[in-house]
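For this chain, numbers begin at 1 and follow the sequence in order.
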Amino acid sequence: AACTHGSYLSGDAAMPEESHVLLLIGSRMERAERLLRRLKDAGKTVVITIKETGLQQIGAHFQKFENWSAFKRLCEQADGAIATTYDTKPLYHAANRKLPILFLPPPYPVEEWDLSSPEKKGIFIGTRQLFVTSRNHALALVMVSPLAAELNEPVTVISGRASDLPPVKRVLNKVMDYSHDWHRRFAEAAPQVKVLSKQMPALDYLRTMAAHRLVFQLDQSSVPGQVAGDALLCRIPCVGGNGTAERLIFPDLCGHGRTTGELSDLTKRLLTDDSYCIEMVRFALEQALDKMSFMVAQRGLRAFFQGLR
């Protein structure tokens, strides 16, 4: 919506003025199906996309057979679909081989935003969900902390509220934050680690990230890659992760096909080699301008919707 100067609406009663609509599909897919029918009855050209595209998230959605049935019907009734990850395009085709699909990486305003900081030091952990297994959050912190201590570099980590807990612990977590307790205990034995436990406005979050030398993560969720996009807005490299953005703009640093040892070696080089660090950011910005900028996404969306007429 931002890159096309469009509008963002939420709610079952919403009816956009625009003739071209991108419908986000959440966990309640039968609700999305009802919205699709309303939009089509109003004469809109409707393209669908899954809102939460991590493989574990999609897998959880389709554990409910009614969701898979509704998704198939959505893919049969929609005018097209947008795949924001490498793994979702085959999913749409599995539901409807004839559905037009656009592969569109998550757009970032890299041509407009430069949030770089003149002072950069330390490592920012790119994940925050301790109990989402595919994030490998604890492993990332455990892996990078000794390296940071060796090089006298600080580490900043955000302790997100615990999620994906068993039912009883989920209730108890309202009283005791299991995630923050874990991070607190870890930081007691690792003085170079700073734990942030309060939610921040988006701009404050980005400025916090920008004050670091690099972002480190071991996420294997196959998501669009918001962490890498945020890192690029801050003009710092992102090591690890197998999301769309990581693989597109940081191909020499991402976690796709690399071991944790290789990622650790890359992190050490980025922390000790200024020219290498600068080159990785320069290359990433070049790739983003060509594949993930607002202007590129705007052109791609316009051509795709026009082709559906």
Side-chain angles (χ1 to χ4, degrees), residues 1-4 6-107 129 131-135 160-167 170 219-226 242-245 297 300-301 304-305 307-308:
C3 76
T4 59
S7 59
Y8 179 88
L9 303 175
S10 179
D12 292 351
M15 180 56 66
E17 296 180 2
E18 294 86 352
S19 59
H20 294 165
V21 179
L22 175 61
L23 177 62
L24 296 178
I25 303 173
S27 58
R28 295 165 55 195
M29 295 191 182
E30 291 178 337
R31 176 192 177 197
E33 189 181 4
R34 290 193 298 271
L35 284 169
L36 176 62
R37 284 197 295 266
R38 285 186 61 242
L39 290 165
K40 294 287 290 180
D41 289 345
K44 310 294 185 183
T45 300
V46 185
V47 169
I48 58 173
T49 192
I50 298 176
K51 181 176 182 288
E52 303 291 350
T53 53
L55 284 181
Q56 85 287 351
Q57 294 166 316
I58 295 173
H61 290 335
F62 293 148
Q63 286 174 356
K64 184 179 178 182
F65 187 78
E66 289 78 8
N67 270 345
W68 171 245
S69 298
F71 180 74
K72 286 183 68 176
R73 292 192 296 270
L74 281 162
C75 290
E76 290 165 357
Q77 298 168 33
D79 296 293
I82 290 178
T84 58
T85 69
Y86 293 101
D87 295 301
T88 47
K89 184 174 182 179
L91 177 64
Y92 293 117
H93 271 158
N96 180 5
R97 295 295 301 176
K98 297 180 180 180
L99 183 67
I101 301 171
L102 170 68
F103 175 65
L104 185 74
Q129 294 169 300
F131 296 101
V132 177
T133 308
S134 61
R135 300 294 193 200
R161 290 292 295 185
S163 58
D164 284 13
L165 290 171
R170 197 176 303 141
D219 187 18
Q220 290 292 304
S221 302
S222 298
V223 291
Q226 181 179 342
N242 72 337
T244 305
L301 287 166
F304 184 61
F305 271 100
L308 298 174

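- Among residues two or more places apart in sequence or in another chain, the side-chain contact (heavy atoms from CB on, under 4.5 Å) test is passed with Val47 by Leu22, Ile82, Phe304, Phe305, Leu308.
- Scored by the salt bridge (Lys or Arg N to Asp or Glu O under 4.0 Å) test, Arg28 finds no partners at all (sequence neighbours excluded).
- For Asp79, the side-chain hydrogen bond (donor to acceptor under 3.5 Å, both in side chains) test picks out Lys40, with sequence neighbours left out.
- No more than 12 heavy atoms of other residues, nucleotides or ligands shown are found within 6.0 angstrom of CD on Gln226.
- Between the side chain of Thr53 and the backbone N or O of Ile50, no donor-acceptor pair lies under 3.5 Å.
- Between Met15 and Leu9, the closest heavy-atom pair is C-CD1, 4.1 Å.
- Heavy atoms only, all atoms of each residue included: Leu99 and Tyr92 are closest at CD2-CB, 4.2 Å.
- Leu39 and Pro16 make their closest contact through CD2-CD, 3.7 Å (heavy atoms, listed as atom of the first residue, atom of the second, distance).
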Using the side-chain contact (heavy atoms from CB on, under 4.5 Å) rule, take Arg38 and Asp41 through it: C-alpha gap first, then chi angles, then the decisive distance, then the call. CA-CA 5 Å; Arg38 285 186 61 242; Asp41 289 345; 5.7 Å; no
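- Residues satisfying the salt bridge (Lys or Arg N to Asp or Glu O under 4.0 Å) test with Arg34, not counting sequence neighbours, are none.
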Asn242 vs Tyr86, side-chain contact (heavy atoms from CB on, under 4.5 Å): CA-CA, chis, key distance, verdict: CA-CA 10 Å; Asn242 72 337; Tyr86 293 101; over 6 Å; no
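- With a 4.5 Å cut-off on side-chain heavy atoms, Gln56 and Val132 count as touching.
- Not counting sequence neighbours, Glu66 has no partner by the side-chain hydrogen bond (donor to acceptor under 3.5 Å, both in side chains) test.
- The CE atom of Met29 lies 11.0 Å from the OG atom of Ser69; values are rounded to the nearest 0.5 Å.
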Any chance you could lay out the side-chain contact (heavy atoms from CB on, under 4.5 Å) test for Thr45 and Ser19, step after step, and finish with the verdict? CA-CA 6 Å; Thr45 300; Ser19 59; 5.8 Å; no
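- Remark: Ala297 engages Cys3, Leu104, Pro107 in a side-chain contact (heavy atoms from CB on, under 4.5 Å) (not counting sequence neighbours).
- Annotation: salt bridge (charged side-chain N to carboxylate O under 4.0 Å, His left out) contacts involving residues 43-55, sequence neighbours excluded, are absent.
- The minimum heavy-atom distance linking Glu33 with Leu74 is given by the pair CA-CD2, 3.6 Å.
- Under the side-chain contact (heavy atoms from CB on, under 4.5 Å) criterion, Leu55 pairs with Asp87, Ser222, not counting sequence neighbours.
- Within the structure, every pair that satisfies the ring-ring contact (aromatic ring centres under 6.0 Å, His included) test and touches residues 41-62, not counting sequence neighbours, is listed here: Phe62-Trp68, Phe62-Phe71.
- Cys75 and Asn96 make their closest contact through O-ND2, 2.8 Å (heavy atoms, listed as atom of the first residue, atom of the second, distance).
- Residues Thr88 and Ala83 share a closest heavy-atom pair of OG1-CB, 3.4 Å.
- Note that CG of Leu36 is 11.0 Å distant from CZ of Arg73, once rounded to the nearest 0.5 Å.
- Under the side-chain hydrogen bond (donor to acceptor under 3.5 Å, both in side chains) criterion, Ser7 pairs with Glu18, not counting sequence neighbours.
- With sequence neighbours excluded, no residue forms a side-chain hydrogen bond (donor to acceptor under 3.5 Å, both in side chains) with Thr244.
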